[in-house]
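Structure, as C-alpha cells:
Numbers here simply count residues along the sequence, with the first being 1.
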Amino acid sequence: MEASATVRARRGRRRVRAAGFPLSRATAILLLSAFVVRAPPAVGYLIRPPGGFRLTQDSLKIVGSPQHPVKVYVMLHQRSPHILCVTQRLRNSELIDPSFQWYGPRGKIISENSSTHITSTGSLIFKNFEEGMTGIYTCFLEYKPTVEEVVTNLQLKYIVYAYSEPRFFYQFTARYHAAPCNSIYNVSFENKLLQILGKLVFELSCEVSILKSECHRVKMQKAGFQNELFFKFAVSCLESDNKPKPCADRNCDNSSRLSKAKNLIERFFTQQVEALGKHAEPLPEIYYIEDTLQMVWINRCFPGYGINTLKHPKCPECCVICSPGSYNPSDSNHCLQCNSSMVFGARVCL
C-alpha cells in the first residue's frame, strides 16, 4: 500500500510547477548531476580485428589457390598479412630456383616501394593499406620441382579488399517536463543539455549530437495537459588525431570507449532523478521525467562500404569496400546493386 502511494506521489510531482526562473533551477540540477558523474580512468587497448573475424596464424600468412581467386581483407591504414605466392601444397614443398613476379591494378609491383614490400620468398605485404590499393593481384611463380624436371609455371590470383570496422553509435531518447512550447527557456535548456552531455564524454574522444528536439502537449492519464520536450540524440566516438587520446595506443577500441560514454550518460540521467528527489518543493519548470531514457545500439558503414555475410563470410561483421557492380551512397550497412559501376568503393551510381 505504501509503495503504490509513493508512485502516485512521484507522478503527482510531475505537474507541480515553480514560479520565477525555470531555466536557472533546471540548469542547477543538470550541473549538479554532471558534477557527480566522473569519467573512469583512461585505459589502453590493443588493436583487434572486427567481431566475427577470427585472427589465427593462418590469417597472418595467406596462401593462394590454382582453382579460384583468394579473398584477402586488409583494414584501412594498417599493415596487411603476408600474401604468399604459393599454394598450401607448395608451401610445404621444396622448390628449385623459384622466381616470383607480382602484378596489381597499376601494373608490375617492384620489390620495394613506399606502399608495398615483396620478401625474398615472394610474399607480398602492404605497409599502410589505402582504399585505392583494393583490386586484383596476380603472382606468377616459376620453379622446378626437382633439378631434373622442367620449369613449372603457376599463376595465383588474389582479390584484396579494404575494410573498416562499422561506425558504432548509441541513439538515446529522453523526455523532459517543459515550459510552454513557445518559450525560449526550452531552447536555452536544450543548448545547455547538449553542452553538458558533450563535456561528459569529451575525455573519451566522443561527441554528442542532437538528432531531434520537439515540444508537445501531452494529456496525462486521469489528469490534465502538460508540456514535454522529446529529445533524440546520438553518441559516437571520434577518429581524428586532433582530439585528445583516451589511451596510449592510437588505435584504441572505439566500442570500449563508446561503452564508457554510454555508462556516463546513463549515470547522468540517474543523478538527475536523485538530485530532483532531494530538491525542495516546488519543482523546476523543466526537469527530466524518470524512466523515459531509452537507448538503441546502431552500427553504420561509411559511404562506399557495406556488410555482406554471404559475399564475405570470413569477415562477416566488416564494412568491406563495395565491389564493381555495387555502390553505397550513404552511411547505410549494405552495398546496393549498380550495373554501371565499374570501380571498387563506388558512392554514386552513374
Side-chain angles (χ1 to χ4, degrees), residues 2-41 170-181 183-204 206-216 218 220-221 223-235 258-296:
E2 291 181 1
S4 60
T6 302
V7 172
R8 286 197 300 271
R10 186 173 62 203
R11 291 175 177 170
R13 293 182 66 184
R14 286 186 177 186
R15 298 188 293 274
V16 179
R17 296 184 179 181
F21 304 95
L23 182 61
S24 61
R25 300 189 64 191
T27 302
I29 292 178
L30 283 180
L31 292 173
L32 177 61
S33 304
F35 180 78
V36 174
V37 177
R38 297 290 186 180
Y170 283 106
Q171 182 175 289
F172 290 87
T173 56
R175 294 164 63 177
Y176 277 79
H177 190 285
C181 287
S183 172
I184 61 171
Y185 288 126
N186 293 334
V187 178
S188 299
F189 180 82
E190 175 188 331
N191 294 333
K192 178 60 67 174
L193 176 64
L194 180 61
Q195 179 183 2
I196 291 175
L197 291 174
K199 288 182 177 180
L200 279 179
V201 301
F202 177 77
E203 291 185 1
L204 295 169
C206 297
E207 65 178 1
V208 177
S209 56
I210 293 290
L211 303 178
K212 184 183 293 186
S213 175
E214 297 177 344
C215 182
H216 297 278
V218 179
M220 306 303 295
Q221 294 181 0
F225 286 90
Q226 72 177 27
N227 301 306
E228 291 188 11
L229 288 172
F230 291 72
F231 287 115
K232 179 186 289 187
F233 59 93
V235 182
L258 193 55
S259 179
K260 289 186 172 78
K262 173 189 74 77
N263 293 337
L264 286 174
I265 289 176
E266 288 178 331
R267 286 167 56 191
F268 168 71
F269 279 90
T270 300
Q271 293 292 344
Q272 287 185 73
V273 175
E274 295 177 357
L276 196 63
K278 299 176 183 177
H279 208 275
E281 296 285 359
L283 293 175
E285 184 90 27
I286 305 174
Y287 60 86
Y288 168 63
I289 299 176
E290 187 175 357
D291 297 330
T292 61
L293 182 70
Q294 297 183 3
M295 176 200 68
V296 179

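- The distance from atom CE of M295 to atom CD of Q171, rounded to the nearest 0.5 Å, is 11.0 Å.
- For the pair I286 and A179, the tightest heavy-atom approach, listed with the atom from each and the gap, is CG1-N, 3.8 Å.
- By the side chain to side chain donor-acceptor pair (under 3.5 Å) test, E266 pairs with K262, sequence neighbours left out.
- Taking the six-membered ring for Trp and the full ring otherwise, the centers of F172 and F269 sit at least 6.0 Å from each other.
- In this structure a side-chain-to-backbone donor-acceptor pair under 3.5 Å is present from S188 to I184.
- To the nearest 0.5 angstrom, E228 atom CD is 9.5 Å from C181 atom SG.
- Between I289 and Q226 the shortest heavy-atom distance is CD1-NE2, 4.0 Å.
- To the nearest 0.5 Å, atom OG1 of residue T173 and atom CZ of residue F233 are 8.0 Å apart.
- Considering every non-hydrogen atom in both Y288 and R175, the closest pair reads CD1-O, 3.5 Å.
- Of the residues L276, T270, V273, the one that meets the side chain to side chain contact (heavy atoms under 4.5 Å, CB included) test with E290 is V273.
- Put simply, the side chain of Y176 reaches to within 4.5 Å of the side chain of L193, judged on heavy atoms.
- Here the side chains of I265 and Y170 are not in contact, with every heavy-atom distance at 4.5 Å or above.
- For E214, the side chain to side chain donor-acceptor pair (under 3.5 Å) criterion is met by H216, not counting sequence neighbours.
- With sequence neighbours left out, the side chain to side chain donor-acceptor pair (under 3.5 Å) criterion links E190 to S213.
- Counting heavy atoms from C-beta outward, E203 and K260 have side chains that stay 4.5 Å or more apart.
- Nearest heavy-atom pair, P180 versus N227, reported as atom, atom and distance to 0.1 Å: CA-ND2, 3.4 Å.
- Atom CG of residue L200 and atom CG of residue N263 lie 12.0 Å apart, to the nearest 0.5 angstrom.
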Margin query: Run the side-chain contact (heavy atoms from CB on, under 4.5 Å) test on L194 and F231 for me, step by step, so that the C-alpha distance in whole Å, both residues' side-chain angles and the decisive distance to 0.1 Å come before the verdict.
Written below: CA-CA 10 Å; L194 180 61; F231 287 115; over 6 Å; no
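- Here the side chains of L293 and F268 are not in contact, with every heavy-atom distance at 4.5 Å or above.
- Under the side chain to side chain contact (heavy atoms under 4.5 Å, CB included) rule, L264 has a single partner from L204, L197, V235, which is L204.
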